[in-house]
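Since the structure comes first, as structure tokens, the remarks are kept for the end.
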2 protein chains.
Amino acid sequence: MSKCEQCIVKQFNSLKHLSREELKRVSACKTSKIIKKGKPLFEEGDRINGVFCIKDGVCKVSKMSENGRNQIISLIKKGDIIGERSLISDEPANLTAIALDDMEVCFIPKEEIIKDLEKNPGFTMSVLKDMANTLKKADNVIVDMAQKTVKQRLAETLIRLKDKFDVTDDGIINLQLSREDFANIVGTATESAIRLLSDFKKRGLVEFKGKEFKILDTKSLEKIAQGF
Amino acid sequence: MSKCEQCIVKQFNSLKHLSREELKRVSACKTSKIIKKGKPLFEEGDRINGVFCIKDGVCKVSKMSENGRNQIISLIKKGDIIGERSLISDEPANLTAIALDDMEVCFIPKEEIIKDLEKNPGFTMSVLKDMANTLKKADNVIVDMAQKTVKQRLAETLIRLKDKFDVTDDGIINLQLSREDFANIVGTATESAIRLLSDFKKRGLVEFKGKEFKILDTKSLEKIAQGF
DNA sequence: TAAAAAAACTGACATATATCATATTTTAGA
DNA sequence: TCTAAAATATGATATATGTCAGTTTTTTTA
């Protein structure tokens with residue numbers, strides 16, 4: 001099994017603040033897992049008892065509403081850490097995480113992370129900063145959900161996806177989303193998402209080939225996102 | 001000026017984890033302020049450079065959307081602390097806080113809080129827990145905003161307000177919200193909020209006398225919030 | 001207290017979006 | 001490869017909600 005000390009992925013998250021010693025201890029107690037596309041990392045109500053460090057792949061993090069509809073809260077990719085929240089507040093998971101492609105993740109048990117949080121202020125501060133940032137983004141999403149139209153939100157989503165995920169030379173975004181996933185990110189009915197995406201396609205703003213897609217006209221999408 | 005060591009308000013927030021010594025230092029550098037109803041504690045883009053501890057009163061925390069409409073993200077009351085986020089991420093405020101009644105607040109400068117975060121793991125952990133909790137709530141709000149109807153959200157809002165704020169013997173909730181405020185919490189047009197509130201009133205679920213209001217039928221409101 | 005301004009309210013109407021039904025295409029499984 | 005199932009697509013229709021316009025009530029201020 002690979003060692004945390006040598007793992008590039010940690011550069012992208014709070015674990016980079018751990019000392020060599022601390023990393024060795026983490027490495028010794030971590031476990032590696034392969035999560036197949038469509039399978040859950042964890043589900044609402046699970047006691048996670050640790051955090052996941054994403055080595056490769058993408059997952060969608062979602063929650064069921066009382067209406068029985070699913071809402072995707074965020075997409076998590078290589079380098080991200082997930083599960084800190086339930087660990088910190090010592091509660092079962094509030095969200096469900098499902099792999100969008102085959103994933104490689106490392107699981108670090110709770111006790112180890114808690115130990116580091118207690119002993120390494122730099123690490124704690126980094127986790128704190130991370131959370132402050134997530135919270136800021138969440139607030140912005142609330143505003144968008146409450147005040148923007150579905151079309152605006154969909155346009156914005158497309159732009160954000162392009163910025164967040166890798167793009168191949170010919171512009172294809174490295175991400176496998178179903179139309180239902182799009183709908184569940186934006187918070188609309190699948191049919192509405194399909195209609196709007198077709199419309200964007202017709203207008204030459206995006207290109208879809210099955211689930212592969214690329215952004216053709218960012219400027220126009222930005223304008224739509226702003227309400228024009 | 002009153003001393004933090006003797007202040008009851010700190011019992012309700014992370015400051016309770018500070019030692020007597022630390023509290024004395026905080027007390028020595030804090031400043032007290034009176035914020036008049038309708039006046040801002042801070043506004044989007046301000047560099048706050050510290051945190052506010054709310055000694056008395058309520059404020060609304062909101063953000064402008066690109067559409068030019070205002071969204072209230074949360075209501076902050078006695079005992080709450082606000083401003084930690086910009087402090088931690090060292091960024092200008094992302095939100096605006098405006099007093100809903102006359103407020104009494106203490107301002108603690110950034111350096112003092114940073115010092116405590118560095119030296120007192122219990123305090124840091126408490127701030128971390130607080131933030132994890134806020135984040136969980138934010139996620140739930142996102143789901144509601146995305147998936148519930150305006151009517152559902154308004155019903156839910158009413159219930160939450162009753163639970164969060166003091167209620168007099170005759171059931172009146174100690175909170176001064178305009179119809180526009182209600183609309184901006186729920187994320188709808190003022191007219192729509194007015195219409196739905198009148199409807200709830202007609203059906204005997206709430207009672208309004210000007211801005212004073214009380215919940216008459218929590219059970220029914222809960223059912224509406226769940227979509228019935 | 002009167003006048004002006006702001007807030008609350010009501011109605012008419014437009015429209016974005018959900019829902020339901022059905023057709024077509026793609027994917028997965030035997 | 002064939003079949004069944006799932007995903008995508010499209011149309012018709014219903015409905016929730018936004019917008020605009022105007023009235024009434026409340027609050028502010030001169």
Side-chain angles (χ1 to χ4, degrees), chain A residues 36-39 60 65-71 98 100-102 144-157 175-203 206-213 224-225 227-228, chain B residues 36-39 60 65-71 98 100-101 144-157 175-202 206-213 224-225 227-228:
Chain A
K36 282 280 175 192
K37 180 176 175 172
K39 299 289 175 201
K60 56 179 175 183
S65 84
E66 278 178 307
N67 292 14
R69 302 158 114 236
N70 215 261
Q71 180 63 33
I98 291 177
L100 285 175
D101 47 24
D102 291 352
D144 286 353
M145 285 293 178
Q147 304 285 5
K148 291 192 169 178
T149 65
V150 172
K151 186 184 277 188
Q152 286 181 286
R153 283 181 262 149
L154 185 60
E156 195 165 322
T157 297
L175 185 63
Q176 294 279 321
L177 289 178
S178 68
R179 303 303 142 105
E180 195 182 354
D181 287 332
F182 274 105
N184 292 348
I185 292 172
V186 168
T188 189
T190 306
E191 296 94 322
S192 300
I194 289 173
R195 265 184 255 270
L196 287 169
L197 284 174
S198 315
D199 180 52
F200 288 172
K201 209 163 77 181
K202 247 180 246 154
R203 290 158 68 183
V206 282
E207 190 181 310
F208 270 88
K209 260 188 215 153
K211 273 170 192 159
E212 286 190 341
F213 69 102
I224 292 172
F228 299 105
Chain B
K36 282 282 176 191
K37 179 175 176 173
K39 298 290 175 201
K60 56 179 175 183
S65 85
E66 278 178 306
N67 293 14
R69 302 158 115 234
N70 214 261
Q71 179 64 32
I98 291 178
L100 285 174
D101 47 23
D144 285 353
M145 284 294 177
Q147 305 286 5
K148 291 192 170 179
T149 64
V150 172
K151 187 184 276 189
Q152 286 182 288
R153 284 181 262 149
L154 185 61
E156 195 164 322
T157 298
L175 185 64
Q176 294 278 321
L177 290 178
S178 68
R179 301 304 142 106
E180 196 183 354
D181 287 333
F182 274 105
N184 292 349
I185 292 172
V186 167
T188 190
T190 307
E191 296 94 321
S192 299
I194 289 173
R195 267 184 254 270
L196 286 168
L197 284 175
S198 314
D199 180 52
F200 287 173
K201 208 162 80 180
K202 249 180 243 151
V206 281
E207 190 181 310
F208 270 88
K209 260 190 215 151
K211 274 171 190 158
E212 286 192 339
F213 69 102
I224 291 171
F228 299 105

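Reminder, nothing fancy here: chain letters follow the sequence lines and each chain counts from 1.
Contact check, B:Ser198 against C:dC9: no side-chain N or O comes under 4.0 Å of OP1 or OP2. Between A:Thr190 and D:dA7 there is no side-chain N or O to OP1 or OP2 distance below 4.0 Å.
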Please report the C-alpha distance between A:Asn67 and B:Gln152 in whole Å, then the side-chain angles of each, then the deciding distance to 0.1 Å, and finally whether the side-chain hydrogen bond (donor to acceptor under 3.5 Å, both in side chains) criterion is met.
-> CA-CA 10 Å; A:Asn67 292 14; B:Gln152 286 182 288; 2.9 Å; yes
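Here C:dA7 presents its P atom at 15 Å from CZ of B:Phe182, a figure rounded to the nearest Å. In this structure, B:Leu154 places its CG atom 14 Å from C1' of D:dA16, rounding to the nearest Å. At whole-Å resolution of the value, CD1 in A:Ile194 and P in D:dA6 are 16 Å apart. In this structure, A:Asp199 places its CG atom 18 Å from P of D:dT8, rounding to the nearest Å. Distance, B:Arg179 CZ to C:dT10 C1': 14 Å, rounded to whole Å. Summarising the geometry, the separation between CZ on A:Phe208 and P on D:dT8 is reported as 10 Å, rounded to the nearest angstrom. Remark: C1' of C:dA8 and CZ of B:Phe213 are 16 Å apart, rounded to the nearest angstrom. In this structure, A:Asn184 places its CG atom 12 Å from P of D:dT8, rounding to the nearest Å.
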Reading nucleotides 15-30 of chain C from 5' to 3' and marking B where a protein heavy atom lies under 4.0 Å of the base, S where only the sugar-phosphate is that close, and - otherwise, the string is --SSBB----------
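Within the model, atoms CG of B:Leu175 and NZ of B:Lys60 stand 11.0 Å from one another, a figure rounded to the nearest 0.5 Å.
Listed by chain and residue number, A:Glu191 satisfy the side-chain contact (heavy atoms from CB on, under 4.5 Å) test with A:Arg195 (two or more places apart in sequence, or in another chain). Listed by chain and residue number, nothing satisfies the ring pair (Phe, Tyr, Trp, His ring centres under 6.0 Å) test with A:Phe200 (two or more places apart in sequence, or in another chain). In this structure A:Thr190 satisfies the side-chain contact (heavy atoms from CB on, under 4.5 Å) test together with A:Arg179, A:Glu180, A:Ala183, A:Ile194, sequence neighbours excluded.
Note on the helix from C:dT1-D:dA30 to C:dA30-D:dT1: angle between the axes of the first and last five pairs equals 50°, rounded to 10 degrees.
Proximity of B:Lys201 to B:Glu207: side-chain heavy atoms (C-beta onward) are nowhere separated by under 4.5 Å. A 4.5 Å side-chain heavy-atom check between B:Lys151 and B:Leu154 finds every atom pair outside the cut-off. Residues A:Arg153 and A:Gln147 form no side-chain contact, since every pair of their non-hydrogen atoms from C-beta on lies 4.5 Å or further apart.
In this structure, A:Phe182 and A:Phe213 have perpendicular ring planes: the angle between them is above 60°, well past the 30° mark.
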Please write out each protein N/O paired with an N/O of nucleotides 24-26 of chain D under 3.5 Å, distance rounded to 0.1 Å.
none

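B:Ala225 and A:Glu66 make their closest contact through O-OE1, 4.0 Å (heavy atoms, listed as atom of the first residue, atom of the second, distance). Here the shortest heavy-atom pairing between A:Gln176 and A:Asp181 reads O-OD2, 4.3 Å.
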